Each structure stands twice: as C-alpha cells, then as structure tokens.
Amino acid sequence: MYVRITQLKTVAEFRDYVRLLGVDIPIDDEVIPAPSGPLAQPYKLRDGRTIGNRFCVQPMEGWDCSIDGRPTDPVYRRWRKFGRSGAKLIWGGEAAAVRPDGRANPNQLMVLDYTMRDLEELRSTLIKEHIEHFGSSDDLLVGLQLTHSGRFSRPNDKVKLEPKIVYHHPLLDSMFGIPREHPVMTDGEVDGLVEDYVRAAKRAYHVGFDFVDVKHCHGYLGHEFLSAVTRPGRYGGSLENRTRFMREIVEGIRSECPGLLIGVRFSAFDTPPFRPGGDGVGYMLDYRDENGNYNYAFGGDPGGPGEVKPDEPLALMEMMADMGVELVNFSAGSPYYNPHIIRPAWYPPSDGYLPPEDPLVGVARHIQVAAGLKAAAPDMLCVGSGYSYLQEWIPNVAQAVVGSGMIDFAGLGRSTLSYPELPADALAGRPLDRARICRTFSDCTTAPRLGLASGCYPLDDYYRSSPEAKELRRLKKS
Ligand SMILES: Cc1cc2nc3c(=O)[nH]c(=O)nc-3n(C[C@H](O)[C@H](O)[C@H](O)COP(=O)(O)O)c2cc1C
Ligand code: SF4
C-alpha cells in the first residue's frame, strides 16, 4: 500500500519513503525565500530579457470557451489566477486550436482572425492582474500554446471523436473506435496545417505574446508525428522525417515573426496505453511487432515497453537547438491512454484507473528524465512537469531541483487551479495554505470527461458552489 503525501510529516520522512521506493527525488530541508533563494533567481534569455523567478504556470485548459472559440468569464478568471500566482513564466495559458477541426472539445480556445481581440484581452487581463499584485510585468514572459488535437479532436460534440490521424496505431485505433479504413492525413493536408500554425503564431505575435509553444505532447497531432515510424513519405519513418512537421512550422514562424520566441512542449517519454484491470488498477496493454518491438512510444524503449529510452528525445533537443527553439517544456505520455504518467495522482479520473505505481515514482520519472535532457542542452530554457502530486513538498523539491541545475523552471499545473498563489507564498517565505493544496482528486479532469467545464470542484469555491458541482456529484455516483 502506498503512503499518502500528508502522512510524510517531515523532510526526513519524505526522504526515507522515497528511498524505500527506490527512486530519486531531491528535496531541500528549508525553502529559502526571495531574494536569495534559488527559486527567486532571474533567468536571462538570449535576447537580454529577464524572467523574474523559476516558477512556471503550465498550460491548463478549461473546456469553457464559447463555441466560436472565444474566452468566457471563467477563462478570464483562470488567466487572472495565472497572473497573480507569482510565477514569472506563463507557459502558453492553455491549448488554443489553430483551426476549428483541431479542437479537443467544442469549447476550446481558438487562434483565428476574429478571436485576436479576445486573445489580446486575455493576455492583458493576466498582465494587469500580475502588475496589481507584484508591481511590474517587466520580468514576466507570457506565451500561447498552439495545438491541433489530431487523434483526440472533438470539435463539434463533447463526446464524439472526429479524429485526424497521421498513422494507424495498433492499439489506440481499437481503443478509440477508429476503423481500418479511416483516412490518414495526406502530406498535402499536413502542408496546409503547417501554414495554419504559422498563421496562428502571427496572430499571437501581433497581439503581444512573447512566445508560442508548438505543442508536441499528450497524444495530440504534433506528438503523434514523433512516433510515426510506420508512416510513409516526408513526414514519417526516420526521426528526420518525423520532426519535419515541427521544423517546417518553426521555420515558418521564424521568417514571419522576427522577435517572437519559440517554445516546444513535448512528451519526453511515453508508454503503451493502460487500461483498468478487474481490480481497477491500471495495467499496460501488450503489443509487439514482428521484431518483438513496440515502436509507438516516443522516448520509450521499443524492446522494454514502459521503460524510458531518451536517445530520440536527446536527438530532438539537438535538432530543436539547431532550429532556433529556445524554450522547452518536458511533459510525458497522454491524458487519454496513460494518465498516471502525465499526471501522477492519488485519485484517478473517471476514465482512468487506480495507480499502478506509487505516484511518487511517476514524479521521480518526470524529474529524472527532464534532468537528463536539460544536462544535454545547457543553453535552452527547460521547464519540468508533474510537480503537483508533491503537495506541501512542492517548494522544497522545486528548490532542490532548480538549485542544483537539474531543471531551470518548476512547472505547476493542477496546483495552480486549486491554489494559484503557492509560488508567491513560497517566494515570500509565508507558510503554505494547506486547505488549498491540490490533493490530486482529479475532478478537474473527471468533469470534462463527463461533459462539464473543468475546474477545481473540491477546493475552489467558484466551482464548489456552482450548479455543475451538483451535476458532477450526480454523474460520479451514477
Ligand atoms: C484540467 C487540466 C487541463 C490541462 N490542460 C492542458 C493544456 O491545455 N495544455 C497542456 O500542455 N497541458 C495541459 N494539462 C497538463 C498540465 O499542464 C500538466 O502537465 C499536468 O497537469 C501535470 O502537472 P501537475 O502535476 O503540476 O498537474 C492539463 C491538465 C489538467 C489537469
Ligand atoms: S480538482 Fe482540484 S484538487 Fe483535484 S486534481 Fe484538480 S486541481 Fe487538484
């Protein structure tokens, strides 16, 4: 039986338990506040700009835009939270679709000509909130995450997949009901999509975002290209070809948007899909090709499914450096087929399974893989993911990891939904507000899986007291 984080009352207990698990998570005894603490140190970009500290807010979508892709009140509210978090790097805000058919849900944000004013307003709302709380936004860097949801597109109906696939996947096709005859995107269609990304980046640039993230994570289209080993033609097969989609977008953005920084968030490791077994615990599906390999997990070991093999991610880092990508954000896996990999959690989402490993093992994997990639790319700004499960120990671990140079920024996802001010409190040396620490209940994922907007229903009054909270309780029971 795993031990809950709340049972680990001291740093010594945390260390002992992590040792018992046989993994490595560095942790500092004391968190040193600003201005001398490692998390308070500025990061200097190549163009001379400065990012004021080492906390990053990860992109967090809410399934809550209007159906024409415009932000609604809850979206503005979420971006205000990001602004007052105290983090000085806002990685992308939330996934924003570069065209309507690439939305992950009908309520996803879109980056189109007619939404430019809204995006400008969203960005300035965040910045205004940041200035109100911290006096200045001179050392704040704000990006927009550009996405096409590919295999997981649901542009018109929350529960109806309208997949755009780049190859037929031996396991995901049957898991998500994609028939053999479902068309694969042609090279010509991919060329058109590259243009959509560049157009979207231009829009983001014009409304003032500092960078765009050419998203390559979580099973969405960009990520699927990275494992398109069986795809014939220019966009599949060799790593060179599988990264052509990224390269063409990055080249297009560089020539059309001088001065716009480019980031890539990618899944740095992956596994075959997991499913709940009879006891509810997740187990990994098995599939081997004629050579006994599983080649569909980018960053995974083909001969040892579930194991990490960073050769290709390391090569990708080198390629990205050559392309002029300066910002990298390491994530992992996909929320649709191995949620415990991307988001270590105590409680599974409704479409998930009980954790097949102690969630701290997942946290350690995030930290160690990210550190290995960072070591190979000292000149790139690198953000790590998967910290929310650490709960009260987030600042101690973040400080140890950043302070020892294993990563440049600690990225916070779910914890920003329940307790956005955690970075500000840690930097100021204030005790954490324990009642608002994310306990990884997963309702922010369960709600959208059941057709509702995302949000922290257990801990954020705005959602706790909403009619949707009642509906969520009813749906969870049924
Ligand atoms: C409700 C919800 C929405 C998310 N939306 C996005 C998104 O739009 N883009 C993205 O790259 N990751 C998204 N993620 C993943 C998070 O950015 C983050 O990688 C993940 O939650 C693990 O980090 P954590 O342990 O700090 O939560 C989302 C996660 C959740 C729970
Ligand atoms: S619903 Fe709230 S407590 Fe639960 S995982 Fe999401 S942010 Fe954390």
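Note that the coordinates shown come from a computational prediction; the quantities given were computed from them, not determined experimentally. In what follows, every heavy atom counts, from backbone to side chain, and hydrogens, waters and symmetry copies are set aside. We count residues from 1, following the sequence as given. Start at 1 and go down the list; that is how both ligands and their atoms are numbered.
Looking only at heavy atoms of the protein, atom 8 (Fe) of ligand 2 is closest to Cys438 SG, 2.3 Å. In terms of protein heavy atoms, atom 14 (N) of ligand 1 is closest to Pro59 O, 3.5 Å.
If you look at Thr440 next to ligand 2, the close heavy atoms, those under 4.0 Å, all belong to the backbone. Residue contacts with ligand 2 for Ala345 are absent, since no atom lies close enough (heavy atoms, distance under 4.0 Å).
Under the 3.5 Å distance criterion, the side-chain polar atoms of Arg203 are matched with a main-chain donor or acceptor of Val111. Here the side chain of Arg103 pairs a donor or acceptor atom with the backbone of Pro100 at under 3.5 angstrom. Thr72 places a side-chain N or O within donor-acceptor distance of the main-chain N or O of Asp64, the cut-off being under 3.5 Å. No donor-acceptor pair under 3.5 Å is formed between the side chain of Ser153 and the backbone N or O of Pro163. Ser418 places no side-chain N or O within donor-acceptor distance of the main-chain N or O of Leu459, the cut-off being under 3.5 Å.
For the pair Pro71 and Asp118, the tightest heavy-atom approach, listed with the atom from each and the gap, is CD-CB, 3.5 Å. Of all the heavy atoms in Arg77 and Tyr463, the pair that sits closest is NH1-CE1, 3.8 Å.
Between Ser388 and ligand 1, a contact under 3.5 Å exists for at least one N or O pair. Polar contact check, Ala95 against ligand 1: a nitrogen or oxygen pair lies under 3.5 Å apart. In terms of polar-atom proximity, defined here as any N/O pair under 3.5 Å, Ser415 makes no such contact with ligand 1. Residue Ile342 has no nitrogen or oxygen atom sitting less than 3.5 Å from a nitrogen or oxygen atom of ligand 1, judged on distance alone. Residue contacts with ligand 1: Glu61 is placed with a nitrogen or oxygen under 3.5 Å of a nitrogen or oxygen of the ligand (distance criterion only). Between Thr445 and ligand 1, no N or O atom pair is found at a separation short of 3.5 Å.
Ranked by closest heavy atom to atom 23 (O) of ligand 1, the top entry among Gly362, Gly62, Gly92, Gly386 is Gly386. By heavy-atom distance, the residue among Arg343, Glu94, Arg414, Arg265 lying nearest atom 18 (C) of ligand 1 is Arg265.
In this structure, Ser454 counts as a contact residue of ligand 1, since one of its heavy atoms falls inside 4.0 Å of the ligand.
Using cut-offs of 30° and 60° on the angle between ring planes, the pair His169 and Tyr296 is tilted.
Counting backbone and side-chain atoms alike, Cys444 contributes an N/O/S atom closer than 2.8 Å to atom 6 (Fe) of ligand 2.
For Arg117, the CZ atom sits in a loose shell: 12 or fewer heavy atoms of surrounding residues, nucleotides or ligands are nearer than 6.0 Å.
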